[in-house]
Each structure stands twice: as structure tokens, then as C-alpha cells.
Amino acid sequence: MKLATWNVNSLKVRLPQVLAWLAAHTPDALCLQETKTEDSKFPLAEIEAAGYHASFSGQKTYNGVAILTRQPVTAAAHGIPGFDDPQKRVTAATVNGVRIVCAYVPNGESVESDKYRYKLEWLDALTAWLRAEMAQHPSLALLGDFNIAPEDRDVHDPQAWAGKVLCSDAERAAFVRLTGLGLQDSFRLFEQPEKSFTWWDYRMQAFRRKMGLRIDHILASAALAGRCTSCSIDTEPRRHERPSDHAPVIAEFA
DNA sequence: ATGGCTTGAGTGTCAAGA
């Protein structure tokens, strides 16, 4: 079973790249973030023509998440129960016996921002909900754009980023609370190249200069992590014309 | 150096991303 996540930064702009990527990699599930598309305008026909089902929760301009699957899903649900939030950042569905949770964690803007406080509250709500979700679903994967670089090795210049949003102690502690639920960072189950990142700023030729962060993750519950045979970042789409600023992450399970 | 790109909205130019 192959699971993947990709922040596409507009599904409308990136749809040709997403369809090509599905054809090339044939994941069982691909989680998308920043679709920036309201549900009535979701490109369902094109995705179905590519042989995929879609479960999605979007809005105009900002945010928006989707799960594309080869098989039909069950128990599709949107949002964090009990956490009233107009921002469409979570969708979940069960496929092939695995509970898939697709998340677009708030960016936070800066540690001084109200958006940063919202980010930490949002992460608390996500963690509390996932504790319950994991009790119901032993095989669970949390995939998405976490907007957190968990460790210094996930940052091109740890000194420059020290204490800044995406790298602050409080955000990293929130990530540790998530893994503390029993979710393992699939990427770190394996030996990985140095300077492995999933996001590079569009500006200053950051990708070419390897100035990135690893902020997109695939976390797997113990039952699922035990079946994980690989996890990698596909930097190929980042080289395309009109790329997303994020690269897809892929994990395979026996 | 608060710049540097990209997208969406909407048609001039700003918010938001990370």
C-alpha cells in the first residue's frame, strides 16, 4: 500500500501535475493540501477520469484538503469534531482498512502573531481528537503539511531559524505530543540523505540552493509503522515549470 | 536588507503563504 501527501498550492493550477503524478506513482491514497477550491468547483471529473475517487473539503482562496484514492472510501469526515473552525484544514477517510487523516496545519505567520496562538490551539485540538480516533482505528496514518520542522536536521540553516515560526520550541513540543500518541515519523524509520526537505521558498532560488525545510510528514500508528517499508521525498515535481513550493512525500506499507 | 515569488480575488493591488 502506497500513501502520499502533497501541498499543491492551488489544485486548479497544479491539476495537470497532480494527474501526471498519480499516473506515474499510482498511490493508493494521495492527500492534498491548499487546494484553494470550493467544493462546487472541485475538479472531480478529471480525477475520476484518472481512475481515482476523491473526498474533499475546501473553500475559496485559502486552505482546502482532499484525499484521492484508488478504491472507494468509507466514513469520510471533515474537520476536527468539537473544534469550530471556518478554515478547511482536515479531512479523514478509511481505505483498505487504514484510517487516513489529511491535515493542513496553520502556518502561524510568526511567534508573535495571533495566528501562531491559533496554530498551537489547533494542534492541541487535533491531538486530542486523534487520541480518540486512534483508539477506534489501530491502523491510522496522519499525512499532511504540518508547518513544523521537527528537528534541526530538518532545517537548512538551524541557527537562522532558531526560535522562529515552524521551528519554535512550542511547535516542536506539539509535534512530540502527536508522536507521543504512538505515531511514528515514517521518514525517520529509514536512513535518509542529509538536507532532505519538502518545502523551499519560491524566492531567492531557494530550491537550487538547497535552502529548505522538512515540514510535510507521514505519521503512522504502531500497527501501520510496523508495515512501513520505505519513505521518501519526491523532489522531481519541484523542478517543473510552475511548481508547487512543496514536494510530495511517499510511504509504502507491506 | 522585511526585500526576494506565487496564488487568488478581480482589474488595482493586497493578503497569505513559510
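In what follows, chains carry the letters A, B, and so on, assigned in the order in which the sequence lines appear, proteins first and then strands, with residues in each chain numbered from 1.
Between B/dA16 and B/dG10, the distance separating the two P atoms is 14 Å to the nearest Å. With P as the reference atom, B/dG3 and B/dA15 are 12 Å apart, rounded to whole Å. Using C1' as the reference atom, B/dT2 and B/dA18 are 14 Å apart when rounded to the nearest Å.
Using a 4.0 Å cut-off, no side-chain N or O of A/Arg14 falls inside it from OP1 or OP2 of B/dT6. The shortest distance between the side-chain N/O atoms of A/His246 and the OP1/OP2 oxygens of B/dA18 is below 4.0 Å. Note on A/Arg203: every side-chain N or O is 4.0 Å or more away from OP1 and OP2 of B/dG17. Under 4.0 angstrom from either OP1 or OP2 of B/dA18 there lies at least one side-chain N or O belonging to A/Asn147.
In this structure, CG on A/Leu32 lies 12.0 Å from CG on A/Asp145, to the nearest 0.5 angstrom.
Screening A/Val105, A/Ile80, A/Val65 for a side chain to side chain contact (heavy atoms under 4.5 Å, CB included) involving A/Val90 leaves a single residue, A/Ile80.
Here the P atom of nucleotide B/dG17 and the CG atom of A/Asp114 are 13 Å apart, to the nearest Å. A/Trp200 places its CH2 atom 14 Å from the P atom of B/dA18, with the value rounded to the nearest Å. Across the protein-nucleic acid pair, A/Trp199 atom CH2 and B/dT6 atom C1' stand 12 Å apart, rounded to whole Å. In this structure, A/Lys119 atom NZ and B/dG17 atom P are separated by 10 Å, rounded to whole Å. Rounded to whole angstrom, the span from the CG atom of A/Asp245 across to the P atom of B/dT6 amounts to 10 Å. In this structure, CE of A/Met211 is placed 10 Å from C1' of B/dG4, rounded to the nearest angstrom.
Taking all atoms of both residues into account, the shortest heavy-atom contact from A/Leu22 to A/Leu68 is CD1-CD1, 4.0 Å.
Using a 4.0 Å heavy-atom criterion, one finds that A/Lys164 contacts no nucleic acid atom at all. Looking at heavy-atom distances under 4.0 Å, A/Asn63 makes no contact with the nucleic acid at all. Across all strands shown, A/Gln205 has no heavy atoms under 4.0 Å from either base or sugar-phosphate atoms. Residue contacts shown for A/Asn107 include a base, since a base heavy atom lies under 4.0 Å away. Heavy atoms of A/Asn7 sit under 4.0 angstrom from primed sugar atoms or phosphate atoms, though from no base atom. Residue contacts shown for A/Phe197 are absent, as no nucleic acid heavy atom lies under 4.0 Å away.
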Are there any protein N/O atoms within less than 3.5 Å of an N/O atom in nucleotides 9-12 of chain B, and if so, which ones and at what distance?
from	atom 1	to	atom 2	distance (Å)
B/dA9	OP1	A/Thr61	N	3.4
B/dA9	OP1	A/Thr61	OG1	3.3

Exercise for review: Might you work through the side chain to side chain contact (heavy atoms under 4.5 Å, CB included) test for A/Trp21 and A/Ile250, ending with a clear yes or no?
Suggested key: CA-CA 12 Å; A/Trp21 199 86; A/Ile250 317 165; 3.6 Å; yes
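For residues 65-74 of chain A, no pair satisfies side chain to side chain donor-acceptor pair (under 3.5 Å), with sequence neighbours left out.
When each of B/dA18, B/dA15, B/dT6 is scored by its nearest atom to the side-chain atoms of A/Tyr62, the top-ranked nucleotide is B/dA15.
Between A/Tyr202 and A/Glu109, the one whose closest nucleotide on DNA chain B sits nearer the 5' end is A/Tyr202. With DNA chain B read from its 5' end, the first of the two nearest nucleotides for A/Asp145 and A/Val13 is the one closest to A/Val13.
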